[in-house]
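We number each residue from 1, following the sequence as shown.
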Amino acid sequence: MNRNRPATIRDVAERAGVSTKTVSRVMNRDGYVAEGTRARVLAAIAALSYRPNPAAQSLRRASSRSIAVVVEDISEPFAAQVTLAVEHAVDDGTVVIVSSSLGDPVREAEILATLAARQIDGVVLAPTRTPRPRLLRWMGRTAVVCVDRPLPGERTDVVLSDNGRGMQDAVEHLLAQGHRRIAYVGDAPEVFAEAERLEGYRAALASHGVAEDRALIYERQPDAERTRRHLAWLAQLPYPPTAFVSGNSLSTLAMIRAGFDAGAASFIAFDDFPLAEVVCGGVNVVAQDAAALGTEATHTLLRRIANDDAPVKASRIATQLILR
């Protein structure tokens, strides 16, 4: 530090080994700060004879009173429910900005850069399947909480469904009905939730001493015609499957369009979807709690905005097996 100039809040932060936001919270008595951390900051302030600049202090306390929700497609029912939960979880004075990346990682990066430039307080982000590397370099100090899937290579708070446990519940139910040849129809293997759900499928088989048959596992981006061909191939196996599970609602819809009887008792779909209770006489599902995901993501974001030094947190929201 140059002793010919007054100490700055950054000098205090560096001496205390904390962020400038933590120094600000100590001075403003705003939010929780651990006693040991508070003591270090006060000691650094005293040692450097730091005197805050009232104008700068006022700017630091400013808040845009706005957060954003960025999802892949706001018209998709799951994303719409998460977004609505976020809007219900904030107070009346906070504006929620909603945007869709449309699954385009370039558009996603541009949206986040624009939001950061507007100095919003934070973002609830449902990342695209293949986000751009180091995506958060555009965000600066803007808080980000991911929902539904994490952001590869980035350390952020994240709120997820308990994908593995949900799929395990579905497969264990079918095993309890006496099925041993259970086919898994899922999404592309690079999809985050796909890996967790397939692991749940395998865990259920292993827990019941059932050997995994790789021929019964299908992982491809959902497509009705390709799914139809795969189902026909499964049917001609010497020992065809007697039960099925799907990895997500898109896979389920591809199966239905391919002519599959989704209303059969021997089928359980992961993800509820509109009219699932009436399609094919009612479809058994593992339902994600979109409202709880959105609410927890919002509360996590607000905590992160208040305390950017808090440890990164991963939360899991339970799923529910619904038998129709």
Passing option when H230 is tested against Y218, F260, Y184 for ring pair (Phe, Tyr, Trp, His ring centres under 6.0 Å):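 Single pass found, and it is Y218.
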Close side-chain approach of [X] to [Y], heavy-atom, < 4.5 Å:
| X | Y | answer |
| --- | --- | --- |
| E219 | L198 | yes |
| T8 | E14 | no |
| E72 | S100 | no |
| R181 | L216 | yes |
| F273 | V283 | yes |
| L125 | V69 | no |
| I67 | L301 | yes |
| L136 | L151 | yes |

Full working for side-chain contact (heavy atoms from CB on, under 4.5 Å) between E110 and V106: CA-CA 6 Å; E110 291 171 348; V106 174; 3.8 Å; yes
Over 12 non-hydrogen atoms of neighbours within 6.0 angstrom of CZ in R10: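 No, the 6.0 Å shell around CZ holds no more than 12 heavy atoms from other groups.
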If Ile, Leu, Val, Met, Phe, Trp and Tyr residues are connected whenever their side-chain heavy atoms lie under 4.5 Å apart, and connections chain through other members, are [X] and [Y] in the same group?
| X | Y | answer |
| --- | --- | --- |
| I120 | I305 | no |
| V71 | L102 | no |
| L234 | Y201 | yes |

[Y]/[X] salt bridge by N-O under 4.0 Å criterion:
| X | Y | result |
| --- | --- | --- |
| E196 | R316 | yes |
| R129 | D187 | yes |
| D11 | R15 | no |
| R165 | E172 | yes |
| R180 | D213 | no |
| K313 | D157 | no |
| R149 | E194 | no |
| E225 | R228 | yes |

Residue list, side chain to side chain contact (heavy atoms under 4.5 Å, CB included) with A318, at least two apart or on another chain: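 A318 satisfies side chain to side chain contact (heavy atoms under 4.5 Å, CB included) with no other residue.
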Checking side-chain polar atoms at under 3.5 Å, does [X] have a donor or acceptor matched by the opposite partner on [Y]?
| X | Y | value |
| --- | --- | --- |
| S161 | N163 | no |
| D271 | N248 | no |
| S246 | S251 | no |
| E296 | T300 | yes |
| T128 | E108 | yes |

Qualifying residue for side-chain contact (heavy atoms from CB on, under 4.5 Å) with V158, from P127, S315, P150: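 Considering P127, S315, P150, a side-chain contact (heavy atoms from CB on, under 4.5 Å) with V158 is found only for P150.
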Please report the interatomic distance [atom1]([X]) to [atom2]([Y]), rounded to the nearest 0.5 Å.
| X | Y | atom1 | atom2 | answer |
| --- | --- | --- | --- | --- |
| D289 | I317 | CG | CD1 | 7.0 Å |
| D121 | L115 | CG | CG | 11.5 Å |
| R226 | L231 | CZ | CG | 12.5 Å |
| H173 | N284 | NE2 | CG | 6.5 Å |
| T319 | Q288 | OG1 | CD | 8.0 Å |
| T242 | Q177 | OG1 | CD | 11.0 Å |

R220 side chain to A188 backbone, donor-acceptor under 3.5 Å: no
Donor-acceptor under 3.5 Å (T94 side chain, V90 main chain):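 Such a contact is absent between T94 side chain and V90 backbone.
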Heavy-atom pair with the smallest gap, counting every atom of A224 and A258: O-CB, 3.6 Å
Atom of M167, atom of G200 and distance for their closest heavy-atom approach: CG-C, 4.2 Å
Cation-pi, F270 ring and R197 (6.0 angstrom, 45 degrees): yes
